Structure formats: C-alpha cells, structure tokens
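Shown next, in structure tokens, is the structure this report addresses.
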Amino acid sequence: MIVVCYGTRPQIIKASRVLAALREAGPVVAVDTGQHYDFHLHGQIYEQLGVGPPDRFLGVGSGTHAEQTAAILTRAAAAFQEIRPRAVVVIGDTNSTLGAALAAAQLQLPVVHVEAGLRAADRFMAEDINRRLVDAVSAALCAPSERAARQLASEGLRGTIHLTGDVARDVLLAHAELLAQPVAAPEWPLPAEQPFVLATLHRAELVDGPELPAVLRGLGGLDLPVVLPAHPRLALALKQLPPMATLAPNVRVIPPLGYLDALRAVSRAAAVVTDSGGLQREAYWLGTPCVTVRAETEWPETVEAGANRLVAPGAAVDLLPNAVASPSAGWDREAYGDGWAAARIRDIALETMAR
Ligand code: UD1
C-alpha cells in the first residue's frame, strides 16, 4: 500500500497523474491535508481533473506556518499509523509536503519526493526551507530537471536520485485537446477575441510585502487589459491596500480560474506576468512569453530558453511595460521531461516500497 499526500491546488493537479499511474499498479490511499479548501482552489480542481474524493481528508485549513505544519504533522502521522503504508509520496514544497514527509520519516516510512532538488537563494523563504528539509529525509528524490538532479548530487543526500521530468507536463499534455476551446469561466471579463495579459500574484513574500503596490502599478501601466485571477491571499491584500494604491482600470480582478481555463488563458495571452512556478512552466510549454516578478526563479531553464524574464518587484513600475512588450523568439520546450514523469514516479515508488 502506498500513500500519496497532498494539500494545495498545484499538488492536487500533480497528484492527479501520480495517483492514476499508481492505481494501475495496486492499492493507493490518497490523503488530502486540507491546506486548501475553497471551492476555487480545491473542489473545482478535483472536479476538472476527475481526481475523485480523497480517501482521507485531514482538514487542517489555514494558520501560521507553525500551526499549519504542526497540524499536518500530527494528523498525517495519525493517518499513516492507521493506514500502515509501505511508502509515502509527497509533492513540491508546501507546508503539506513538509508535514507529511516528516510524519512519514519519523514513522520510518520511506518518502518519495516529487519535484526534488529545486533551490532558491533566499534561504528564509518558507518553500525553500520546506524543500531542503523534505529532500534531506527522502528515500527517493524525483528531480524534474537535469539541473535539479545535479543539485541533489552535489548535496550528498542519502536518498537515491532519479531524473523523472516534471509531472506538471504530464498533466498538461493529458489535457492538450481541451485547450483549443475558449475560456469557459463566466467571470472572464473580456470578449473572446480581445488581447490581454494574464497576471497571477500569490507568494507571501510579494503579496504580504511592501512591493505589491509597485507591481500593481506596473500592471496598470501596461497597454493591454490585464486579467488578474486572485488567490485568496491576494484578494485579502487588495482589500487592505491604502486608497492611493487602487488598481488601474485596465486591471480586471476575477476569482481563481480552474485548471483548464487557466491553461486556456495562458495559451491565448499576449504575455503572462506571475510569481507562480507552475505558470512559468506552463507559459514555457504553451509558447507564451512570461515575466516573473521575482528576483530569482527555481525554473531557470525557462529564462535561459528566452521564454521567461525576471523583473524584481520593486522595479516593476519601470521595467514591466518593456519586459511584457519585448518580443520573445520561439524556444525549445524540452527542459522538463517528456510527459512520462508519473509513470517513472510510479516505478520508483514501487521499487522504494520493495526495498
Ligand atoms: C501555499 C504554499 C505555496 C504554494 C501555494 C499554491 C506554503 C508555505 N505555501 O501558499 O508554496 O505556492 O499554496 O497555491 O505551504 N486561503 C483561503 N482559502 C483556501 C486556502 C487559503 O482563503 O482554500 C487563504 C487563507 O487566508 C490563508 C491564505 O490564503 O491564510 C494562505 O493560504 P496558505 O495555504 O497558508 O498558503 P498559500 O499562500 O496558499
């Protein structure tokens, strides 16, 4: 028996393929921590990807990093003690990833880490702390890129390193046919043929920090309409902004899009402006130029390919219009595997379980 444990929107998306691949081979228990719970971040993603309800829902909800991680650790440990899996698969770098990996490691269950080996220079970033700790306790490290595999090798970790490619690519390829349709969400604010820039901002460092108004002003200075599907963290921050920092009329805030509509919007956008790692790769795969409003990225291959430009949030007012307007040439889209990551992860999980 293998457990797959996840809890946030991007993890549900990636878990959809990992669960499907593992279910071909034998019994699997899906454990959802409940870190994300709103319909837009949770139920809608389950529905669209046909994931089916989780076997266990831990219902941890929101809180400080300490509260959330502690609740996930405690509840995941209790669930794993009952289920008695022979391996636990975790994905990414969220508090759900850390809590579940630590619970498994403390119970001496082998951990398979999907999306291992990514690193940021900012060592105080919650996600970077999470991924370093999860990699340290994992038995199998599934790297999405050659660079991530090299990074893991350079750290001399105990787990075995496997170059699997990025499971997000598997998910995208599995839905490629549905992406030709227009965005279906009734909240979409523009006529179907109207060119636009798609923007998403959700990282705590940006959304809860002092540079958010500069990024919003940068978006307001773009020549095209900007559609901004707002994660709950951003929606809250927008309500609390001082009156001087209100949004320009070209910026249209809508609720978070479902998985398919988000990809349809990426593929139709003139450009994407984001701080999301997922969107950086999706824009890269779908051929849409991306501007990442961060000082660094965990996905530098997208920058090297010419698909992605970095603009520091504080410089967004000056640099964003130019970065969005500069044409990008076509690029090769092969840095993150071939769309068969989930099958490799299944084989690695089965092998880890049998050890
Ligand atoms: C989390 C991850 C981040 C990931 C992101 C994906 C951590 C440390 N961060 O960030 O790495 O990129 O998920 O989306 O694990 N909220 C709701 N409804 C929800 C969920 C959250 O309203 O369903 C609100 C709450 O006010 C909550 C805040 O959003 O306090 C932040 O949620 P949280 O899960 O703590 O982190 P994210 O910002 O979503």
Side-chain angles (χ1 to χ4, degrees), residues 5-16 32-49 54 57-73 75-76 90-103 113-116 118-120 122-135 144 166-168 171 199-209 212 228-240 253-259 262-263 274-282 292-294 296-299:
C5 190
Y6 53 89
T8 63
R9 170 173 58 178
Q11 291 170 322
I12 301 168
I13 292 168
K14 291 167 204 160
S16 68
D32 182 334
T33 66
Q35 178 171 346
H36 283 174
Y37 44 86
D38 277 0
F39 174 73
H40 284 111
L41 301 187
H42 187 261
Q44 136 168 284
I45 308 295
Y46 269 88
E47 262 174 41
Q48 286 196 344
L49 294 175
F57 184 70
L58 305 183
V60 299
S62 302
T64 62
H65 288 309
E67 289 163 347
Q68 203 172 46
T69 309
I72 294 162
L73 173 62
R75 295 184 200 185
V90 298
I91 305 168
D93 55 18
T94 70
N95 291 341
S96 291
T97 319
L98 176 61
L102 198 51
H113 185 201
V114 175
E115 224 172 70
L118 303 181
R119 297 290 180 265
D122 177 359
R123 299 193 66 153
F124 293 114
M125 182 183 165
E127 288 81 357
D128 204 60
I129 296 169
N130 290 346
R131 42 174 108 93
R132 286 172 192 270
L133 294 173
V134 174
D135 284 342
D166 183 357
V167 75
V171 191
T200 74
L201 309 168
H202 81 286
R203 285 187 179 274
E205 294 77 18
L206 174 58
V207 170
D208 299 339
L212 179 63
L228 179 59
H231 180 285
R233 185 188 281 283
L234 177 64
L236 187 68
L238 290 177
K239 280 195 208 135
Q240 293 169 346
V253 178
I254 61 170
L257 291 168
Y259 177 72
L263 288 186
T274 191
D275 61 355
S276 147
L279 242 64
Q280 290 173 53
R281 276 122 70 217
E282 285 159 357
T292 296
V293 274
R294 287 183 61 201
E296 60 173 327
T297 175
E298 290 80 2
W299 306 96

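Please read all numbers here as calculations on a predicted model, not as lab measurements. Numbering of ligands and ligand atoms starts at 1, following listing order.
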Of Lys14, Arg203, Arg131, the residue whose pairing with Asp93 passes salt bridge (Lys or Arg N to Asp or Glu O under 4.0 Å): Arg131
Pair Glu115 + Arg281: basic N to acidic O under 4.0 Å: yes
Arg132/Asp128 ion pair, N-O < 4.0 Å: yes
Those protein residues which place at least one heavy atom below 4.0 Å from ligand 1: Thr8, Pro10, Gln35, His36, Tyr37, Asp38, Leu41, Ser62, His65, Gln68, Asp93, Thr94, Asn95, Glu127, His202, His231, Pro232, Arg233
Any donor-acceptor N or O pair under 3.5 Å, side chains Tyr37, Ser62: yes
Any donor-acceptor N or O pair under 3.5 Å, side chains Gln11, Thr97: yes
Geometric class of the His36/His231 ring pair [parallel <30°, tilted 30-60°, perpendicular >60°]: perpendicular
